[in-house]
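All ligand and atom numbering here is 1-based and tracks the order in the structure. All values reported here derive from a predicted model rather than from experimental measurement.
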Amino acid sequence: MPTALITLAAGQGSRMNSDLPKVLHKIGGATLLEHALASAEELDVDRRIVVAGHGADLVRAEAEDLGVSDVVVQEEQLGTGHAVLQARAALSDFTGDALVLYGDTPFIRPETLSKMAAARQTHTVVVLGFEAADPARYGRLITKGDYLERIVEFKDATDEERAVTLCNSGVISADAETLFSLLDGVGNDNAAGEYYLTDIVKIARDRGLSAGVVTCEEAETLGINTRAELANAEAVFQATKRVEALENGVTLLAPETVYFARDTYIGRDTVVEQNVVFGPEVTVESGAHIRAFSHLEGCHVSRGAIVGPYARLRPGAELSEDVRVGNFVEIKNATLAEGAKANHLTYVGDATIGARANLGAGTVTCNYDGVMKHHTDVGNDAFIGSSTMLVAPVKVGNRAMTASGSVITSDVPADALAIGRSKQINKEGLADKLFQKLQQIKAKKSGGKS
Ligand code: UD1
Ligand code: MG
């Protein structure tokens, strides 16, 4: 069934105490909005509508990055029912199911939403519910047999209704046309003076339509309202990713010190040592070794490569098989071909490094002239002497060498040795004379006191 996602993200999120709209805060390097949208990845999603309000321009920019088809603005936050109605015009030509999600609820599992889609075969309206350990202020699901009769908000509930522990997660699904038609019947005569989305259940039942509940674990329905909840959600997310990595055959020497992004992919039999951070868009193939205190983002590490300790791989770092990147080495937007090595204290930016090339300690690609970035090309089997400055744009040919301490400003042909440093002169006996002179000066200054 083609599905339209309607993701509610208009709320102010004032308890975050932030200039940033709540749904743009991140867990595992991805915004809450991205997590929410990803929870529908198993469905046949045809349209994605985000209802924005506070900070709508920022939300729109992120939504566009995520490929969302429409961002509609709810100028005044008059309630969840009113929020969903904002999507009506954008979906006027749409036929299929509408699924309402909250942008601040990142952990709903794709399997759960698939279960809801299946339940739509039986019920016109399907609500995602959960058994709450502490039902607090959640809306309560009032059921009768297999049917959901209505949802009552905490503020409007009687004591008897408040005793119900089956709660509303907020996720609701119905045929799109039916959903909007039910919403036409929703008023705001309630304790909050809001248009409640939840009222569509009773309206559906009154119209003789059926409604049902699909349940999930309470943990999935966790919503983020404060920085403390965000920090807690991050911890929950990291714990899940660590278990996932271990189950996928990755060795984590100290799992609790390794941090993952939402999209981190690590192949089987890779070893990850202590205190490693994976930012967004990292792929590590099987059998690689990521040593302690390394930081990786936007990079690809191939089989057999060894990274770190204390390495930094930045966006566009592409490490082929058996590459070695050692301590205090930073790689950005650069490809290192099979077996290339940069073992110590090196910066490689905007470069192509050939197979088996060796970059000595302290090699720097001088890629930025203050205005533009330039490329460095190092050939196969080249040997770059320690402390070579490669002033880009520049090319070093296959099997070429550079002398230590060279500043390479023009291309080096294949098989050549480039020496780009001033010639050394030795002055016989001059060191001894200089020491004596310096000692005399020191003695004069201290007035004979040693
Ligand atoms: C809602 C449900 C409640 C459920 C709870 C789960 C209603 C009436 N109540 O209550 O049954 O147990 O969520 O967390 O639906 N939003 C808008 N525009 C608005 C109002 C809200 O976009 O005008 C968005 C918010 O940004 C948020 C979501 O909708 O992402 C839920 O709104 P919130 O005010 O938190 O609803 P609750 O009172 O918690
Ligand atoms: Mg809420």
Test log, rule ring pair (Phe, Tyr, Trp, His ring centres under 6.0 Å), inputs Phe237 and Phe260: CA-CA 9 Å; Phe237 170 82; Phe260 296 96; 8.4 Å; no

By ring pair (Phe, Tyr, Trp, His ring centres under 6.0 Å), which residues pair with Tyr347, not counting sequence neighbours? none

Between Gly11 and ligand 1, is there a nitrogen or oxygen pair with a distance under 3.5 Å? yes

Would you check whether Thr198 has a nitrogen or oxygen atom less than 3.5 angstrom from a nitrogen or oxygen atom of ligand 1? no

Select one of side chain, backbone, both or neither to describe which atoms of Gln74 lie under 4.0 Å from any atom of ligand 1, heavy atoms only. side chain

Is ligand 1 less than 4.0 angstrom away from at least one heavy atom of Ser169? yes

Which option wins on minimum heavy-atom distance to atom 31 (C) of ligand 1: Phe154, Phe130, Tyr195, Tyr102? Tyr102

Check: of Ala83, Gly139, Gly79, min heavy-atom distance to atom 20 (C) of ligand 1 comes from Gly79

Would you kindly say whether Glu42 and Ser114 are connected by a side-chain donor-acceptor distance under 3.5 Å? yes

Taking the side chain as C-beta and beyond, is there a heavy-atom pair between Tyr259 and Arg242 under 4.5 Å? yes

Nearest-contact summary for atom 27 (C) of ligand 1 - protein heavy atom, Å: Asp104 OD2, 4.0 Å

What part of Leu78, side chain, backbone, both or neither, has a heavy atom within less than 4.0 angstrom of ligand 1? backbone

Taking both backbone and side-chain atoms of Ala10, is any N or O found less than 3.5 Å from an N or O belonging to ligand 1? yes

Could you tell me whether atom 35 (O) of ligand 1 has a protein heavy atom closer than 4.0 Å? no

Indicate whether any N or O donor in one side chain lies under 3.5 Å from an N or O acceptor in the other, for Thr31 and His25. no

What atoms in ligand 1 come closer than 4.0 Å to a heavy atom of Thr80? 7 (C), 8 (C), 15 (O), 20 (C), 21 (C), 29 (O), 31 (C), 32 (O)

Assess the side chains of His82 and Glu194: does a donor N or O sit below 3.5 Å from an acceptor N or O? no

Looking only at protein heavy atoms, which one is nearest to atom 10 (O) of ligand 1, and how far off is it? Glu153 OE1, 4.0 Å

Ser210-Arg205 side chain donor-acceptor pair, cut-off 3.5 Å: no

Taking atom types as modelled, is there a side-chain donor on Glu220 or Thr112 under 3.5 Å from an acceptor on the other? yes

Is the backbone N or O of Asn275 less than 3.5 Å from a side-chain atom of Thr257, with the two atoms forming a donor-acceptor pair by type? yes

Protein heavy atom under 4.0 Å of atom 15 (O) of ligand 1: yes

To the nearest 0.5 Å, tell me how far Thr165 OG1 sits from Glu131 CD. 3.5 Å

Report yes or no: does Thr376 contribute a side-chain atom to a donor-acceptor pair with the main-chain N or O of Thr365 at less than 3.5 Å? no

Consider every N or O of Tyr138 and every N or O of ligand 1, then say whether any pair is closer than 3.5 Å. no

Please tell me if atom 39 (O) of ligand 1 is touched by the protein, where touching means a protein heavy-atom distance below 4.0 Å. no

Report yes if some N/O of Tyr196 lies less than 3.5 Å from some N/O of ligand 1; otherwise report no. no

Considering only protein heavy atoms, determine whether one is less than 4.0 Å from atom 29 (O) of ligand 1. yes

Among all protein heavy atoms in this structure, tell me which lies nearest to atom 12 (O) of ligand 1, with the distance rounded to 0.1 Å. Asn168 O, 2.7 Å

Have a look at ligand 1 and work out which part of His82, if any, has a heavy atom under 4.0 Å from it: side chain, backbone, both or neither. neither

Can you list the ligand 1 atoms lying under 4.0 Å from a non-hydrogen atom of Leu8? 22 (O), 24 (C), 29 (O), 30 (O)

With sequence neighbours excluded, what pairs up with His123 under the ring pair (Phe, Tyr, Trp, His ring centres under 6.0 Å) test? Tyr147

